[in-house]
2 protein chains.
Amino acid sequence: METTARTRVPRNTLSAELIVASALNLLDQVGVEAFSLRALAKNLGVAPMTLYTYFRGKDELLDAVRDHALGAAALTTAYGGWQHQIRTICRRLRGQILEHPCLTGLLQQRPLAGHESAESAESLLKALVEGGFNAENAARAYTTLLGFVVGVTTLEVRLLEENRDPERREKVRQIMTGLPPERYPTLVEHAGALRQTVGGDTQFEFGLDLVIAGMEQRLILAG
Amino acid sequence: METTARTRVPRNTLSAELIVASALNLLDQVGVEAFSLRALAKNLGVAPMTLYTYFRGKDELLDAVRDHALGAAALTTAYGGWQHQIRTICRRLRGQILEHPCLTGLLQQRPLAGHESAESAESLLKALVEGGFNAENAARAYTTLLGFVVGVTTLEVRLLEENRDPERREKVRQIMTGLPPERYPTLVEHAGALRQTVGGDTQFEFGLDLVIAGMEQRLILAG
DNA sequence: ACCTGAACACCGTTCAAGT
DNA sequence: ACCTGAACACCGTTCAAGT
């Protein structure tokens with residue numbers, strides 16, 4: 001969790017890094033929706049306009065936060081066969097999103113990151129090319145993996161939030177129990193299984209297994 | 001595009017359906033971020049507070065819009081083997097997101113839909129169970145498919161938007177060409193392939209093939 | 001029931017100004 | 001350069017009121 005930076009900052013100690021760290025903190029707490037520059041400025045003990053000395057505006061700040069939050073996902077290097085390398089990188093990306101839930105919103109609005117995400121992209125592409133995929137299929141597999149990891153983890157974060165909030169949890173329960181069984185027989189019968197498989201490493205690994213198994217087969221067939 | 005409903009509505013002809021249709025229109029035009037109740041009310045030729053006669057607030061309206069936009073994805077029934085059924089449903093879901101790009105934001109914030117999405121869920125689960133998956137694996141496969149389709153299609157929509165906007169397109173190009181080749185050799189070498197595989201049915205089918213191939217193998221191994 | 005205007009507490013950002 | 005207050009054009013929503 002590092003420095004919270006929620007108290008007044010002494011004069012001339014403000015910096016882009018400090019603002020980004022504090023913004024990430026606030027974003028994870030209140031969500032991308034409720035985040036505001038004015039609230040961030042108040043946390044930093046500074047006038048709203050001060051932030052404009054460091055960033056052109058809200059969008060630029062959010063981009064910086066996304067890159068910063070993504071940065072830690074690119075630290076260690078992957079090893080082993082291409083399957084294992086890909087597993088490692090995807091797990092790391094998911095871990096970073098779980099640690100900073102605001103990444104779901106930030107990545108949805110601006111998928112392309114700067115240098116920080118170039119690290120992950122390089123590692124993934126390298127593993128795929130070394131694994132034997134040709135240029136087109138390596139590119140396609142990369143995009144598939146990125147969309148899959150972000151999509152599945154975003155869904156996971158939202159469902160876990162729904163479970164945490166008692167009010168929303170009750171509302172979801174009501175919708176599910178209110179479904180007419182003659183119209184949605186399978187859904188009603190499997191409601192329990194669906195609830196029990198929400199979130200967790202097992203669910204993520206299940207999906208990752210599917211994609212990688214599909215990639216192995218594809219590699220044998222076409223390269 | 002149906003009824004645009006952007007002119008003044010005669011007295012007593014306003015309805016929840018009309019508001020939802022107009023809201024969907026505005027949301028697709030300006031995006032979830034820039035959408036506001038006040039702008040919607042202006043489009044409808046009505047005072048902002050009038051909307052509160054039909055919806056408790058903005059969130060409830062957005063939920064209604066999401067369900068409405070998702071509705072058309074559940075119209076036709078899937079047929080054939082479980083693989084073909086799943087393909088059909090996933091393609092339909094993607095098609096609906098492409099037709100209504102605001103669904104990327106709406107589904108990200110509120111993944112669980114009402115009856116409208118129950119239709120898709122029922123079809124997907126039914127195909128999986130009939131295909132031979134046990135309760136747990138059918139539930140896991142369902143969640144994987146949902147996350148995959150929404151995630152990959154969201155990425156597609158964002159990348160296509162980036163290609164459309166000349167300013168953002170140029171910025172992305174600059175970032176890519178500015179990457180040091182000695183640090184990101186694979187990424188730099190495959191920048192062209194990445195650009196060429198952005199969006200389109202081929203890219204989506206590539207990913208869907210991977211997931212379904214993985215599911216076929218999983219079915220043989222474990223049920 | 002359906003619809004409204006005024007008001008409240010917000011928001012991002014421009015501008016002119018201070019150090 | 002770093003930081004500020006006042007102001008502008010917004011926003012969602014509450015409230016009291018009209019038909």
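Just so it is clear, the values below take in all heavy atoms, side chains as well, and ignore hydrogens, waters and symmetry mates.
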Return the value, rounded to whole Å, for the distance between atom [atom1] of [X] and atom [atom2] of [N].
| X | N | atom1 | atom2 | value |
| --- | --- | --- | --- | --- |
| B:F55 | C:dC3 | CZ | P | 13 Å |
| B:L44 | C:dC2 | CG | C1' | 15 Å |
| A:Y54 | D:dT4 | OH | C1' | 13 Å |
| B:Y52 | D:dA17 | OH | P | 20 Å |
| A:D59 | C:dG12 | CG | C1' | 10 Å |
| A:F35 | D:dC11 | CZ | C1' | 17 Å |
| A:K42 | C:dG12 | NZ | P | 13 Å |
| A:K58 | C:dT14 | NZ | P | 14 Å |

Would you mind checking if [Y] and [X] are paired as a salt bridge, meaning a charged N to carboxylate O distance below 4.0 Å?
| X | Y | answer |
| --- | --- | --- |
| A:E205 | A:R91 | yes |
| A:E162 | A:K171 | no |
| B:R94 | B:D201 | yes |
| B:E161 | B:R164 | no |

With rounding to the nearest 0.5 angstrom, report the CD1 to CG distance, A:I97 to A:L107.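 It comes to 5.5 Å.
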Around atom CZ of B:R169, are there more than 12 heavy atoms from other residues, nucleotides or ligands closer than 6.0 Å?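 Counting other residues, nucleotides and ligands, CZ of B:R169 stays at 12 neighbours or fewer.
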Side-chain N or O of A:T50 versus OP1/OP2 of D:dT4: is the shortest distance under 4.0 Å?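 For A:T50, the contact criterion (side-chain N or O under 4.0 Å from OP1 or OP2 of D:dT4) is met.
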Which nucleotide wins on minimum distance to the side chain of [X], given the candidates [options]?
| X | options | answer |
| --- | --- | --- |
| B:R38 | C:dG12, D:dC11, C:dT4 | D:dC11 |
| B:M49 | D:dC3, C:dA6, D:dC11 | C:dA6 |
| B:T53 | C:dC3, D:dT14, D:dT4 | C:dC3 |
| B:L14 | C:dC3, C:dA6, C:dC11 | C:dC3 |

Side-chain contact, heavy-atom cut-off 4.5 Å: B:L194 with B:L187?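 B:L194 vs B:L187: side chains touch.
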Could you spell out the base pairing of DNA chain C as a dot-bracket line? Use Watson-Crick and G-U wobble contacts where both distances are under 3.5 Å, [ ] for crossing pairs, | for partners on a different strand. ||.|||||...|||||.|.
